[in-house]
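First the structure, in the form of structure tokens, and then the observations on it.
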Amino acid sequence: MKLSVSTWNINSVRLRIDQVRRFLQEQRPDILCLQETKCPDDKFPLKELQACGYPFVVHMGQKGYNGVAILSRYPFSQTSIMEMCGRADARHITVTLTQAKAASGLVIHNFYVPAGGDIPDPELNEKFRHKLQFMEELRGWGGRAKPTATPAILVGDLNVAPLEHDVWSHKQLLDVVSHTPIETAALEELRQEGGWADAMRHIRPEPEKIYSWWSYRSPDWAAANKGRRLDHIWLSQNLAGTIRSVEVTRETRGWERPSDHAPVTAVLEL
DNA sequence: ATGTCAGCGTTTCGCTGA
């Protein structure tokens, strides 16, 4: 069976509910993971999203910031969340598919890693310290819980562009949070030690430039194309051979009042 | 590398976070 999984930092699910619906109708992924829903759970647009053909939905939100959700065509169980860095700040949610033939038992993790503020120094910037601590806890989780021992997918806005060709200018971004050596090394270490394959780079290796985020501050984002690949789909190594395609739906960035992130979709043949 | 956003509070703009 084919299984398609999308991840999208929507930057307010209520403001962009029509864009989520349009994306679902046009792309029909089996699973959509959202970040930055910015929506308390009692205000989450559950029925509207279920009506798009996604009866199975979990969401973990809070007022104003962060928030994650998973929409699925297939039923799942064992919804759970982790509270990284001792904060209940709605940056993780996970489900296990239960009745999807070859995908039954597949675990899907959805993360929103802290952005980290502007100054790339943990001594001077508490937000950057938080980001590094978050990644350190992810690394510890990989060693302890062994999430890749069984078939698993980890997606989300990881807020790090790890490779040289994941940014428009490697040299100019070495001091910019999201591409500093301390962050890119931390992300690559936790990915490799955890036994995760980077789905996109597995089939689209460097030097192809791939981005999923373009700043709002760029007046002509498409022409300037100063993007970064902040949104990721990782697979447990036992699934790496199932990857058929991984695409960025760049056109959503050109829609009216867009998110600054575009969706990333992987298709697997299970 | 800052030119833009979104949500919140109490508002019709300043602040925070991204």
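Residue numbering restarts at 1 for every chain, and letters A, B, ... go by the order of the sequence lines. Computed from a predicted structure; not experimentally measured.
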Side-chain polar contacts of residues 233-242 of chain A - donor-acceptor pairs under 3.5 angstrom, sequence neighbours left out - could you list them?
unit_1	atom_1	unit_2	atom_2	d
Ser236(A)	OG	Ala152(A)	N	2.9
Ser236(A)	OG	Ala152(A)	O	3.3
Ser236(A)	OG	Asn238(A)	OD1	2.6
Asn238(A)	ND2	Thr148(A)	O	3.4
Thr242(A)	OG1	Leu239(A)	O	2.6

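The ring pair (Phe, Tyr, Trp, His ring centres under 6.0 Å) analysis of residues 31-52 of chain A, with sequence neighbours excluded, yields the pairs Phe44(A)-His59(A).
Between the CZ atom of Phe134(A) and the P atom of dA18(B) there is a distance of 12 Å, rounded to whole Å. Rounded to whole Å, the distance from NZ on Lys171(A) to P on dA1(B) is 15 Å. As rounded to whole Å, 18 Å separates atom P of dT2(B) from atom CG of Asp260(A). The CZ atom of Arg228(A) sits 11 Å away from the P atom of dA1(B) (whole-angstrom rounding). When rounded to the nearest whole Å, the span between CG of Asp220(A) and C1' of dT2(B) equals 16 Å. Regarding Ile119(A), its CD1 atom lies at a distance of 12 Å from the P atom of dT2(B), rounded to whole Å.
To the nearest whole angstrom, the two P atoms, one in dT2(B) and one in dC8(B), are 28 Å apart. Using P as the reference atom, dA6(B) and dA1(B) are 24 Å apart when rounded to the nearest Å. Separating the P atom of dG3(B) from that of dG7(B) is a span of 23 Å, rounded to the nearest Å. Across the P atoms, dT16(B) and dT10(B) are found 14 Å apart, a figure rounded to whole Å.
At a threshold of 4.0 angstrom between heavy atoms, the contacts of Trp168(A) include nucleobase atoms, whether or not backbone atoms are also involved.
Both Asp118(A) and Asp157(A) lie close to DNA chain B; mapped to their nearest nucleotides by heavy-atom distance, the more 5′-ward contact belongs to Asp118(A). Toward the 5' end of DNA chain B, the nearer of the two residues Asn9(A) and Lys226(A), judged by each one's closest nucleotide, is Lys226(A).
Side-chain N or O atoms of Arg228(A) include none that pairs as donor or acceptor with a backbone N or O of Ser215(A) at under 3.5 Å.
Ion pairing of Arg14(A) with Glu48(A) is absent here, as no side-chain N (NZ or NE/NH1/NH2) approaches a carboxylate O to less than 4.0 Å.
Linking Ile, Leu, Val, Met, Phe, Trp and Tyr residues whenever their side-chain heavy atoms come within less than 4.5 Å places Met84(A) and Ile182(A) in a single cluster.
Ring-centre distance between His232(A) and Trp196(A): not below the 6.0 Å cut-off.
Atom-to-atom distance recorded for Leu34(A):CG and Asp157(A):CG is 12.0 Å, nearest 0.5 angstrom.
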Identify each atom pair where a protein N or O and an N or O of nucleotides 5-8 of chain B are less than 3.5 Å apart, giving names and distance.
unit_1	atom_1	unit_2	atom_2	d
dA6(B)	OP1	Arg16(A)	NH1	2.9
dA6(B)	OP1	Arg16(A)	NH2	3.4
dA6(B)	OP2	Arg257(A)	NH2	2.6
dG7(B)	OP1	Ser12(A)	OG	2.1
dC8(B)	OP1	Gly64(A)	N	3.4

